[in-house]
Structures are given as structure tokens and as C-alpha cells.
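Just so it is clear, the values below take in all heavy atoms, side chains as well, and ignore hydrogens, waters and symmetry mates. Residue numbers begin at 1 in each chain, while the letters A, B, ... track the order of the sequences.
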Number of protein chains: 2
Amino acid sequence: MLNERSLSPQQDCEDCPIRHRAVCARCETDELRKLEEIKFYRRFEAGSHVIWCGDRMDFVGSVISGIGTLTQTLEDGRTQMVGLLLPSDFIGRPGRDEAAYDVIATTDLVMCCFRKKPFESMLAKTPHIAHRLLEMTLDELDAARDWMIVLGRKSAREKIASLLSIIARRDASLHMRRIEGPLAFDLPLTREAMADYLGLTLETVSRQISALKRDGVIELEGKRHVTVPDMARLMEEAGDDADGGMLV
Amino acid sequence: MLNERSLSPQQDCEDCPIRHRAVCARCETDELRKLEEIKFYRRFEAGSHVIWCGDRMDFVGSVISGIGTLTQTLEDGRTQMVGLLLPSDFIGRPGRDEAAYDVIATTDLVMCCFRKKPFESMLAKTPHIAHRLLEMTLDELDAARDWMIVLGRKSAREKIASLLSIIARRDASLHMRRIEGPLAFDLPLTREAMADYLGLTLETVSRQISALKRDGVIELEGKRHVTVPDMARLMEEAGDDADGGMLV
DNA sequence: TCCCCCGGTTGATCTGTGTCAATGTAGCAC
DNA sequence: GTGCTACATTGACACAGATCAACCGGGGGA
């Protein structure tokens, strides 16, 4: 594991968003206190691999801060991102030894981890947490399936709008903001990473971002700082019905 | 629910493949006997909806025979299949009330069902089964993510080869056949359904199937009966490395 | 029997996105 | 400051796959 080191013990679940709390917190129930004893923190530098596909995974954990990606690569080098890892997201699969995908930190990334063995034996004794984990896995499955319609049926412009819409909403909920009025956030991904997520080339991503800017759907400050003046407009561009759908 | 009726009680887990057994069987452990008491069968006619997206789902269950699809539809009519439902696959999500996708029987379909409430309370008391369900959900998540690289990065020809390869292997394992030597099976999907799964148009599907036939990768008898003379060749066309990968 | 409809195939043409290449720009080392 | 590198933008052109349209063949109903 690259660039790993312990963080100060002061950091605890107070800074974990809701979903993270479910597996990390010392809150809610006495049972969860047990987790405190096997919990530790890891930091990964931007660009480093959290885990390589096929490697043995000896920990599970959730993201405290920073952004990561789950990616898959064909022999000829084509790559497809299969998931974004945003604060509060969980990785690690009880019962599996090998990682199914590369997990890469795209920004500096701090994770709250548990060694796999003790986590699993704790799971077996704590149905409440096991149930929570099943729910989280079902959420991920929904998100993965929702992404399929983006990959399979949406145009390049709609794909970009979908991605921006997801990032904007996740960012807003992280900061406990309502999604009315203008939203501003930093793109945590390069154009190339966006392309890998959307099944496009980086040139097409760049062109479509320019087009959305030209059409006033978004505003850009530098390459990465985005302002969305009208979230409803963006979601319309994404091709979703404005109320429902689109997890992650 | 359309076209539903009970089947004879003689039908039981003897005819369920392995994964199905895990939640359906009266075998393995005493705990599982409890399931016998809340189990029932349903049949759905080809073309009918097993469940509509957004509807209340009051049962869970797994497929005994026949083929179904999970599909999602945009307002403008574009549809994307997000999952295939083959014998031994499970649907239903503990803790969720509403179906997230349309589930459609593409052939006559027999399912082994459990009413949701009693199934869930049984789950809570039977960690062994809950754990199995988590594993199955993780399998589905892997399959969904593996499909993303097909949707996002593969050419039309590779997509068709990927789909044929999956169906061939699932069919072979259902009949306990080794995948060496020629494999023959019936396509359970129309060209249009294949297109919806692959993010293509039905014309492109038809053309690529013709091309694979012309190139000797597959043989066709009628429109639906496929023979794969050389599975390794097909998987090469699919762009997978022949050994690993590609679940479902 | 005929006819119609559904699923499928094939052809002609159009277009969105990929590909290749040139250029711009910010940050960092020296 | 200069030069270097990584990231991003833009243009010209090619091509895979979409679109539109004609046609085929088999099964079921009248």
C-alpha cells in the first residue's frame, strides 16, 4: 500500500457523513462501539492506487475526504470507470479476497478502514450492521444500473450533463446545501477521467463542456471550477425526469 | 400481477440450480426448512410484466425456468436493459418497497416466490441466509459493473459476441455441460431486446449477427438457434481475456 | 386458402463521435 | 526569467453505427 500513514486519533465519526456513520461511527448503538477498537485511518496521495485489481484486499472502509475511482481495463488499454468513490462511499466486500477493480485516488484521499477479518467476524455477530451493509450494496447496485442507461442510451451532451448533475448533487448534500439556486463546485476529475466514466474520448468531453458553457447551462472559472446557475436546466439537459431517478 | 397462478406443489427445489437453492431449498440446513412454509410458485406468460417500475413489490423470488429482463425507460422512449434474469437469478430487495425497474418475462417464466414480509422476518432470524443474500447482491453488482465496460467501450461486434458468450456459458452451466467443444443454444431474446441490452439498434444487431455468421464465429439455424463451434474464438471476438472476467 | 402481422434482414444515406494533429495555458523546477 | 510537463481546447476529417426504407418469411386467424 502506497503512502499510507496513521492519522491522529482525534479524527472520528464526527466528520463522517451519514452513510459512513453506519459502519464507522461510535454513535447510535452500543454494538457499534466494537468497531472503534478495530478502526484506523489511511491516507492516499492523489494519483496513487488504493488497491490493484486482483490484489488481495485485507481491509474494508469508507471515504472520509477526497475522491477515488473504480476502474476496469481491457488488455488493449481501453478503460472504463465503473464507479466513483465520493466521501461516505464504502469499499470492500465481505467474503471476497481479491479486488475486482483498480481503486485509484484522484485527489488526496482519506479513508476510515477496518481490517477485513475482525470486521467480518463482527458482522457475523451484529446482524444490524450486516443488514445496513446489504442496504448499501443494494444502493450501489441501483446506482450501477442507473449508470447503464447513461452509457448505453445517452448522447455525449446528455452524458456530460448527467455527470455534472451527479457531482453537483453529491457535493451539495455533502455540504448540507439545498439544490435550489446556483450551485458551485470543483470538478474532481480530469477530462480524461470523465471520458473514462462516460465512455467517451477526452476531446468529446472537452467539446461538450465548451458547448454547455456556450449555451449558458454552466459557467466555468479556470478549467475545474463549475457554477450551475439553474440545476433544473442541467437535469433537463441530462435527460432525466427532474424529480426522480439518478442515484450515486 | 398478470397471468399468475399456482403451480403444482410437486415442483420443489430439486429443479432449482445452485444459486437458487441458497434461498429456496429445503436442503442444506434445518433453518432453511422454514422457507418451505412461505414458499409458492408463480407463472408469467411470455411478454407479460412480472412487475412494473414504481409498483409496490410484495414478494421476492428466484427464476426456476424461462427468461426475464430488467429494463429502464426514458420519457422519450429510449430503453436500456439493465439486467438479464436467467434461471437461478433472484429478484427482490429486502427493505425496499418499490420496484426500481420493469421486470418483463420474455419467455414463459416460472418463479419461486416468498411473500416479502415473512421472508424479511425470516432473514432477520437467519444470518446465514442474510449473508448468502449479501453475497448474491455483490455478485450482481460485479456483473452490473462488468457490463459497463461492454456498454461504454466495446464495438458493436464485440458487444454481440459478449452477449452470446454470456448466454452460451449460462446455458451450459445450467445443463452442467463443459464449455469445451461446440455449444448449441436458443437465443431467448428478440433482436430488439438484444439491442436494448447492448445499447445498439436492432438493425445493427442483425447486421453484426450476420457478420459473425459469415465469418464462421457462429452458426445459425433459423433465427434463434445458435451453435458456437469454438467458444474460445467467440470470447476472443468479445474482447475479454479468455480465462478471467465476465460474470452474469 | 389467403392475408396480415411480427420479427428479421439488407440497402442507402446521414451524422455524432472518434481520430489525428496543432495550439494554448498553468504550474513547477531550475 | 526559461524550459518542461500535464492538462485542456480546437480544427479537419474519417468512420461506426443510427436512421429511414424496402423487403422477406413463417405462423396464426378468418
Spacing between [X] atom [atom1] and [N] atom [atom2], to the nearest angstrom:
X	N	atom1	atom2	value
A/E192	D/dA6	CD	P	12 Å
B/L202	D/dC20	CG	C1'	12 Å
A/L212	D/dA8	CG	C1'	16 Å

#### Entry: B/D171 side chain to B/F185 backbone, donor-acceptor under 3.5 Å
no

### Message
I'd like to know if the side chain of A/S48 reaches the main chain of A/F44, judged simply by a donor and an acceptor atom lying under 3.5 Å from each other, with no hydrogens or angles considered.
### Response
no

### Query
Do other residues, nucleotides or ligands put more than 12 heavy atoms under 6.0 Å from the CD atom of B/E203?
yes

### Query
Rounded to the nearest 0.5 Å, how far does CE of B/M235 lie from CG of B/L164?
12.5 Å

Determine, for [X] against [Y], whether the closest basic-nitrogen to carboxylate-oxygen distance falls under 4.0 angstrom.
X	Y	result
B/R78	A/E158	yes
B/R93	B/E98	no
B/R170	B/D89	yes

### Task
Between protein and nucleotides 15-22 of chain C, map the contacts as a letter string: B base, S sugar-phosphate only, - none, heavy atoms under 4.0 Å, written 5' to 3'.
--SSBB--

### Query
In residues 214-226 of chain A, which residues come under 4.0 Å of DNA chain C by heavy atom?
none

### Task
Report the C-alpha separation of A/R157 and A/E237 in whole Å, then their side-chain angles, then the decisive distance to 0.1 Å, and conclude whether the salt bridge (Lys or Arg N to Asp or Glu O under 4.0 Å) test is met.
CA-CA 8 Å; A/R157 172 184 263 243; A/E237 290 283 353; 2.8 Å; yes

